[in-house]
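Numbers for residues simply follow the sequence, beginning at 1. Values below: every heavy atom of this structure, side chains too, minus hydrogens, waters and symmetry copies.
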Amino acid sequence: MYTYVPTLTDYLLHEQRRFNNASGSFTTLMAQIENATKIIASHVKESGLVDILGKTGTVNSFGEEVQKLDEFSNKLMVETLTNCGEVYAIVSEEVAEPVYSPKEHSGNYIVYFDPLDGSSNIDTNCPIGTIFSIYYKNGDNLLQKGFEQVAAGYVIYGSSVMFVYTCGNGVNGFTLDPSVGSFLLSHRNMIIPDSGKIYSINEAYENLYDDGTKKYLAHLKKEGKSKARYVGSLIADMHRTFIKGGIFLYPADKKQPEGKLRLMLEVNPFAFLAQEAGGKAISKLDKNPLDIVPKHIHDRSPIIMGSKDNVDEYLSFLK
Ligand code: P6P
């Protein structure tokens with residue numbers, strides 16, 4: 001007996017019909033992101049077989065080694081988005097400056113993306129992914145608060161390929177059916193459990209954290225009710241948090257006073273998703289990262305997010 005399962009395209013068109021004056025531009029943009037990530041997914045799956053593993057021997061403008069798959073994914077995303085006719089400018093984690101669409105292909109959206117987050121894990125077969133964050137063009141201002149996001153999402157290239165996004169109307173997850181090549185609605189209205197047993201932080205930096213974070217970690221270990229899970233790939237650690245609950249922490253530390261994760265490219269999209277899924281996300285103390293006015297497109301920010309009870313418990317150790 002056939003059971004109808006909406007595809008991502010069906011869902012986007014259904015969502016579009018909720019807005020009488022929708023032009024279809026956003027739907028077209030999302031379809032372009034979907035197509036690009038399907039191509040990246042196919043290369044990730046084959047990366048062990050073709051000469052696309054390993055390093056390019058170059059470093060990006062932040063001194064990070066560029067992986068071949070990184071470079072491929074970035075070029076694909078830049079070319080797809082700047083030629084689709086819906087995008088004014090893109091900002092990629094791999095590129096120091098914004099890239100503006102050619103005038104004949106310019107549009108009304110700004111897209112921030114990390115083409116392959118967690119790419120240091122590519123050769124180890126750990127889950128990696130693409131993160132995107134979409135704003136509406138506001139003059140030539142690329143530095144808008146996270147609250148201004150029109151949509152945010154990620155595609156995780158793991159045991160299965162999933163496309164997860166929000167437009168501010170809840171979070172929905174779509175799993176790629178490789179036999180058809182379509183993303184099917186597999187996780188409707190994703191909700192982060194109110195609390196969870198898993199905490200996720202790079203404890204190698206423990207001595208560099210502030211006292212409140214150290215006390216919180218000591219409490220969890222003394223209480224003995226938690227489990228530590230840390231992949232070192234934001235998408236993998238946060239996707240697990242969406243499914244199982246718990247808390248992800250990348251706080252500031254003495255060596256990284258603004259934290260490591262990028263505000264516009266990693267923190268804001270995931271903070272938007274976490275809050276839309278009924279979770280909580282904070283940057284410094286109890287500040288909502290979505291309320292930060294960015295100073296630079298590559299600003300960094302501390303981030304603690306996940307189940308609201310877990311984040312509130314963490315906060316109680318900071319006060
Ligand atoms: P660390 C990957 O390089 C990344 O940007 C995120 O995906 C991940 O959460 C973080 O950095 C890991 O950083 O310092 O723990 O290796």
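- Using a distance-only test at 3.5 Å, with no hydrogens or angles considered, a donor-acceptor pair links the side chain of N121 to the main chain of G118.
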request  = Walk me through it: do E313 and N310 pass the test side chain to side chain donor-acceptor pair (under 3.5 Å)?
outcome  = CA-CA 5 Å; E313 182 185 41; N310 296 66; 5.2 Å; no
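- Salt-bridge formation is detected for the pair K284/E258: a Lys NZ or Arg NE/NH1/NH2 atom is positioned less than 4.0 Å from an Asp or Glu carboxylate oxygen.
- Partners of E79 according to the salt bridge (charged side-chain N to carboxylate O under 4.0 Å, His left out) rule, which considers only residues two or more places apart in sequence or in another chain, do not exist here.
- If you chain together hydrophobic residues whose side chains sit under 4.5 Å apart, L76 and L176 fall into the same group.
- Contact record, G146 with N268: CA-ND2, 3.5 Å, taken as the closest heavy-atom pair.
- I297 is listed as a side-chain neighbour of L143, based on a closest heavy-atom distance under 4.5 Å.
- E276 contributes a side-chain N or O that, together with a main-chain N or O of G170, makes up a donor-acceptor pair within less than 3.5 Å.
- Between F317 and H219, the ring-plane angle classifies as tilted under the 30° and 60° cut-offs.
- Summarising the local packing, CG of N125 is surrounded by 12 or fewer heavy atoms from other residues, nucleotides or ligands at distances under 6.0 Å.
- Formation of a donor-acceptor pair under 3.5 Å by the N172 side chain with backbone atoms of N189 is found in this model.
- Of the options F270, F272, Y165, a ring-ring contact (aromatic ring centres under 6.0 Å, His included) to Y154 is made by F270 and by none of the others.
- Judged by distance alone, the side chain of H105 and the main-chain N or O of V87 form no donor-acceptor pair under 3.5 Å.
- No side-chain heavy atom of Q32 sits under 4.5 Å from any side-chain heavy atom of E86.
- In this structure, D237 contributes its side chain and G232 its backbone to a donor-acceptor pair below 3.5 Å.
- A side-chain N or O of Q256 and one of Y250 form a donor-acceptor pair less than 3.5 Å apart.
- Contact of the V164 side chain with the H187 side chain is not registered, since no non-hydrogen atoms from C-beta on lie closer than 4.5 Å.
- Counted within 6.0 Å of NZ on K244, heavy atoms from surrounding residues, nucleotides or ligands total 12 or fewer; the atom is thus considered open.
- Using modelled atom types and a 3.5 Å distance limit, the side chains of Y314 and T213 yield a donor-acceptor pair.
- Taking the six-membered ring where the residue is Trp, F163 and F174 present perpendicular rings, their angle passing 60° and hence far from 30°.
- Between E206 and the choices K215, K254, K214, K221, the salt bridge (Lys or Arg N to Asp or Glu O under 4.0 Å) rule is met once, by K221.
- With sequence neighbours excluded, the residues satisfying side-chain hydrogen bond (donor to acceptor under 3.5 Å, both in side chains) with D10 are Y4, T7.
- Between the side chain of K38 and the backbone N or O of G181, at least one donor-acceptor pair lies under 3.5 Å.
- Using a 4.0 Å cut-off between charged side-chain N and carboxylate O, R18 and E15 make a salt bridge.
- In this structure a side-chain-to-backbone donor-acceptor pair under 3.5 Å is missing from S101 to S106.
- A donor-acceptor pair under 3.5 Å is formed between the side chain of D299 and the backbone N or O of H296.
- Side chain of S133 to backbone of Y112: no donor-acceptor contact under 3.5 angstrom is found.
- Put simply, the side chain of E266 gets close to the backbone of R262: a donor and an acceptor are under 3.5 Å apart.
- In this structure, G246 and T241 approach most closely via the heavy-atom pair O-CG2, 3.6 Å.
- Heavy atoms only, all atoms of each residue included: I192 and G279 are closest at CD1-CA, 4.2 Å.
- Here the CD-CG distance, from E34 to L8, works out to 4.5 Å after rounding to the nearest 0.5 Å.
- L81 has its side chain within reach of I33: a pair of non-hydrogen atoms, C-beta onward, lies under 4.5 Å apart.
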task = Test Y157 against T37 for side chain to side chain donor-acceptor pair (under 3.5 Å), laying out the working first.
result = CA-CA 9 Å; Y157 311 113; T37 56; 4.8 Å; no
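- Nearest heavy-atom pair across G173 and L185 is O-CD1, 3.6 Å.
- Heavy-atom minimum distance, G196 versus S307: N-OG, 3.9 Å.
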task = Begin from the C-alpha positions of Y109 and Y136 and carry the test ring-ring contact (aromatic ring centres under 6.0 Å, His included) through to its verdict.
result = CA-CA 5 Å; Y109 292 100; Y136 206 70; 5.1 Å; yes
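- Here D177 pairs with nothing under the salt bridge (charged side-chain N to carboxylate O under 4.0 Å, His left out) rule; sequence neighbours left out.
- Between K280 and L315, the closest heavy-atom pair is NZ-CD1, 4.0 Å.
- Grouping the Ile, Leu, Val, Met, Phe, Trp and Tyr side chains by contacts below 4.5 angstrom, directly or via other members, places I243 with M305.
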